[in-house]
There are 2 protein chains.
Amino acid sequence: MTSGLFRRQGYHATGIKQIVEAANAPFGSIYHFFPGGKEEIGAQVIRSSGTLYLRLIEAILDSQPNVVAGARAFFEGAAAQLVATDYVDACPIATVALEVASTNDTLRQATDEVFELWIGATSDRFAAAGIDVARARELAVFALAALEGAFVISRAARDPEAVLAAGREVAVAVQAALPARRPRRPRHPSPTTRE
Amino acid sequence: MTSGLFRRQGYHATGIKQIVEAANAPFGSIYHFFPGGKEEIGAQVIRSSGTLYLRLIEAILDSQPNVVAGARAFFEGAAAQLVATDYVDACPIATVALEVASTNDTLRQATDEVFELWIGATSDRFAAAGIDVARARELAVFALAALEGAFVISRAARDPEAVLAAGREVAVAVQAALPARRPRRPRHPSPTTRE
DNA sequence: GTCTATAGAAGGATAGAC
DNA sequence: GTCTATCCTTCTATAGAC
């Protein structure tokens with residue numbers, strides 16, 4: 001799995017030989033399938049890890065009764081995963097994203113597309129929970145930012161504290177953005193409440 | 001300035017020859033001053049950029065009348081700086097931090113110390129504003145995480161949106177953590193707020 | 001199309017003249 | 001202590017046998 005190498009050590013520290021070895025693939029075929037060389041492999045890895053992680057985001061968010069619990073579950077799961085994998089298994093593309101942001105526009109665009117994918121999926125779920133669309137996107141961008149940065153700090157500190165702290169704040173922000181819950185049995189019959 | 005190279009392209013993509021050239025330093029002297037080679041240079045760069053950025057954090061936070069305005073000013077300034085520098089000038093050590101987190105424990109520790117430095121300075125100011133010490137640290141960790149992650153996304157997207165969104169949420173969270181301000185001349189003697 | 005061998009460049013590190 | 005030249009390794013990429 002090449003995505004594991006990128007996740008663990010980044011783009012520049014990962015060699016093509018290391019990639020083919022890890023993939024149990026023949027070395028000579030690499031440039032036959034990826035004429036663009038390492039850059040094309042990188043773009044492919046970014047996009048495929050991106051869609052894989054998207055599935056994870058969707059699965060966890062949709063496994064919870066509401067978006068607040070979903071956010072909480074995601075961050076808590078991420079923290080547990082960090083600890084369980086010795087602080088290796090965080091974001092699959094963040095390291096590469098920072099490495100290439102100012103040096104390789106092709107790969108930069110690939111990381112941008114992946115982040116947008118994740119933001120879109122999250123934003124959709126926030127909007128479906130009744131949050132205004134613009135605010136839903138803002139919250140989704142914020143939630144991803146908090147997660148990514150918490151990964152940086154938690155990996156450096158080898159401590160899940162940052163991911164857990166970020167998760168709590170994100171959950172609070174999402175909760176606050178939800179529309180006021182309609183009481184089940186309204187005490188005053190208001191003209192707007194009907195079903 | 002070597003820190004600029006690390007900030008821009010990371011640790012692995014920066015060569016020693018590139019470093020001495022950028023520093024206008026004699027190549028032969030490098031291993032005289034840094035017997036540890038590239039790793040020792042890396043640790044030095046991480047720590048010196050760390051203290052430099054600490055000064056910036058302190059200067060901006062202390063230039064504002066309160067911590068909420070300070071947080072806002074910092075994120076807005078960071079967003080403006082990103083745009084002004086073509087999305088190069090974000091965190092000086094984040095790229096390196098992710099690259100080395102699972103591959104080089106010496107450098108990992110250096111990045112950890114720098115993050116702790118920044119968290120401590122921020123936390124102190126939150127606590128001085130009357131926030132409970134434990135909560136102040138939690139907020140500082142969260143604020144740094146939001147900033148770091150927003151940098152990742154903003155650089156990838158070449159758009160300050162993420163940094164600005166993160167700044168707004170951090171400001172709200174800090175505001176909410178402040179002790180209730182005593183009104184100067186309460187209009188209603190009642191304890192609850194009415195309008 | 002798969003693989004071996006290798007080219008060509010760049011990386012980190014060192015030796016030794018001065 | 002400063003610098004030049006160079007060693008050895010590793011990297012990406014390609015050529016050519018089969």
Side-chain angles (χ1 to χ4, degrees), chain A residues 1-49 88 92-111, chain B residues 1-49 88 92-111:
Chain A
M1 189 68 92
T2 309
S3 84
L5 296 172
F6 278 14
R7 178 190 315 231
R8 182 189 184 84
Q9 56 194 18
Y11 179 73
H12 287 113
T14 302
I16 289 195
K17 294 175 181 174
Q18 206 178 356
I19 292 176
V20 300
E21 188 175 357
N24 267 4
F27 181 79
S29 321
I30 277 284
Y31 287 90
H32 186 253
F33 291 111
F34 300 96
K38 190 181 181 181
E39 184 180 80
E40 188 175 345
I41 297 177
Q44 187 80 10
V45 170
I46 290 168
R47 292 206 166 81
S48 68
S49 344
V88 166
I93 69 161
T95 309
V96 178
L98 283 181
E99 282 181 285
V100 303
S102 302
T103 57
N104 184 322
D105 207 62
T106 303
L107 295 184
R108 195 220 94 225
Q109 282 180 29
T111 63
Chain B
M1 190 66 93
T2 309
S3 84
L5 297 172
F6 278 13
R7 179 191 312 233
R8 182 189 184 84
Q9 56 194 16
Y11 179 73
H12 287 111
T14 302
I16 287 195
K17 295 173 184 177
Q18 202 180 359
I19 291 177
V20 299
E21 188 176 356
N24 267 4
F27 182 78
S29 320
I30 277 284
Y31 286 90
H32 186 254
F33 291 111
F34 300 97
K38 190 181 182 181
E39 184 180 79
E40 189 176 344
I41 297 176
Q44 187 80 8
V45 169
I46 290 168
R47 292 205 165 82
S48 68
S49 346
V88 166
I93 69 160
T95 308
V96 179
L98 284 181
E99 281 181 285
V100 304
S102 302
T103 57
N104 184 321
D105 207 62
T106 303
L107 295 184
R108 193 221 95 224
Q109 282 179 29
T111 63

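The figures that follow rest on heavy atoms only: side chains count, while hydrogens, waters and symmetry mates do not. Numbered from 1 within each chain, the chains take letters A, B, ... in sequence-line order.
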Atom CD1 of A/Ile30 and atom P of C/dA5: how far apart are they, to the nearest Å?
-> 19 Å
Just call it for A/Phe33: base, sugar-phosphate, or nothing, with non-hydrogen atoms closer than 4.0 Å on any strand.
-> sugar-phosphate
Does OP1 or OP2 of D/dT2 have a side-chain N or O of B/Ser29 closer than 4.0 Å?
-> yes
Out of C/dT14, D/dT2, D/dC11, whichever nucleotide has its closest atom nearest the side chain of B/Phe27 | C/dT14
Report, as yes or no, whether the 6.0 Å neighbourhood of atom CD on B/Gln18 holds more than 12 heavy atoms from other residues, nucleotides or ligands.
-> yes
What one should report as the nearest heavy-atom pair of A/His12 and B/His12 is CB-CB, 3.9 Å
Tell me: CZ of B/Phe34 to P of C/dT14, nearest whole Å?
-> 15 Å
Could you state the CD-P distance from A/Gln9 to D/dT10, rounded to the nearest angstrom?
-> 14 Å
Atom-pair distance (NE2 on B/His12; P on D/dT10), nearest Å = 14 Å
Within this structure, what is the CG-to-C1' distance between A/Asn104 and D/dT12, rounded to whole angstrom?
-> 14 Å
If you check the B/Tyr31 side chain, which of D/dT2, C/dT14, D/dT12 turns out closest?
-> C/dT14
Starting from P on C/dT4, measure out to CD on A/Glu21 and report it in whole angstrom.
-> 13 Å
Spacing between A/Glu39 atom CD and D/dT12 atom P, to the nearest angstrom = 13 Å
For B/Val88 and A/Ser102 the tightest heavy-atom approach is CG2-OG, 3.6 Å
Between A/Ile46 and A/Ile93, which heavy-atom pair has the shortest distance, and what is it?
-> O-CG2, 4.0 Å
Let me know the distance between CD1 of A/Ile19 and C1' of D/dA13, rounded to the nearest Å.
-> 14 Å
